[in-house]
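Before any comments, here is the structure.
All residue numbers in this chain count up from 1 along the given sequence.
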Amino acid sequence: MQISELAHQASVSVHALRHYERLGLIRPHRRANGYRDYPASIKREVVFIAMSRQLGFALPQIARRLDDYRAGTLGIDDMVQALRERAAALEQQISQLQAQKQVVLEHQAWLEAQQRKRQAPPPLVQAAQSPPAPGKWPRVRPKTPIKSSSQPAPHRKTP
């Protein structure tokens, strides 16, 4: 079977199959024209690789188990133990990421506090900019008493 047909049947990309071949995980035969020729039995191996990748196993880890899988000696106990180890590794990653997230949130809070300090106007400016008390109009004129304008201001004679 050709690479595109295997990729379709195993639900992986052609690129992934070529990568697995470069790493030595799968070994296709070559036709006279140079095309890869995969036996039908290799589909099972490719599905094993793809499922292992989906569970987060690294390709070197998969390579170590692939020979046992091919030989039929990879037992359920071995697979269960590998899955337990993977779950423990994921728990460790999760706790590390949660700790890192906490540090990020602390930095974010500190930076936001710094930003608020810089944006807050000085106390005098705050008083001048503060809105009037509800129900009162803002003062427009100074508080100094204004003389009555009913009498004209005395005219001064200049010498």
Who passes side-chain hydrogen bond (donor to acceptor under 3.5 Å, both in side chains) against Gln2, sequence neighbours left out? none

Check: His19 side chain, His15 main-chain N or O, donor-acceptor pair, under 3.5 Å: no

Can you name the residues that form a side-chain hydrogen bond (donor to acceptor under 3.5 Å, both in side chains) with His8, not counting sequence neighbours? none

N/O donor-acceptor pairs under 3.5 Å from side chains in residues 90-99, not counting sequence neighbours:
| residue | atom | partner | partner atom | Å |
| --- | --- | --- | --- | --- |
| Ser95 | OG | Glu91 | O | 3.4 |
| Ser95 | OG | Gln92 | O | 2.9 |

Tell me, please, which residues at least two apart from Glu112 pass side-chain hydrogen bond (donor to acceptor under 3.5 Å, both in side chains). Gln108

Could you pull out all residues at least two apart from Arg84 that satisfy side-chain hydrogen bond (donor to acceptor under 3.5 Å, both in side chains)? none

Is Leu111 isolated, or which residues cluster with it under the ILVMFWY side-chain rule of less than 4.5 Å, directly or via members? Trp110

Residues that Glu21 engages under salt bridge (Lys or Arg N to Asp or Glu O under 4.0 Å), provided they are two or more places apart: Arg30, Arg36

I need the minimum non-hydrogen distance between Ser13 and Ala7, along with the two atoms involved. C-CB, 4.0 Å

Cation over ring, Arg44 on Tyr69, under 6.0 Å and within 45°? yes

Side-chain donor-acceptor contacts of residues 45-55 below 3.5 Å, not counting sequence neighbours, with atom names and distances?
| residue | atom | partner | partner atom | Å |
| --- | --- | --- | --- | --- |
| Glu45 | OE1 | Arg70 | NE | 3.0 |
| Glu45 | OE1 | Arg70 | NH2 | 3.2 |
| Glu45 | OE2 | Arg70 | NE | 3.3 |
| Ser52 | OG | Phe48 | O | 2.8 |
| Arg53 | NH1 | Phe57 | O | 2.7 |

Set of residues satisfying side-chain contact (heavy atoms from CB on, under 4.5 Å) with respect to Ala88, sequence neighbours excluded: none

Got a second to check how far Leu59's CG is from Leu25's CG, nearest 0.5 Å? 6.0 Å

Considering non-hydrogen atoms only, spot the tightest contact between Met1 and Ala40 and give its length. CE-CA, 3.6 Å

Tell me every residue that passes salt bridge (Lys or Arg N to Asp or Glu O under 4.0 Å) with Asp37, counting only those two or more places apart in sequence or in another chain. Arg31

Quick one: list whatever passes side-chain contact (heavy atoms from CB on, under 4.5 Å) with Asp78, sequence neighbours left out. Leu74

Flag if over 12 foreign heavy atoms under 6.0 Å of CD, Gln100: no

Going by side-chain heavy atoms closer than 4.5 Å, which hydrophobic residues are tied to Tyr35, directly or by a chain of links? none

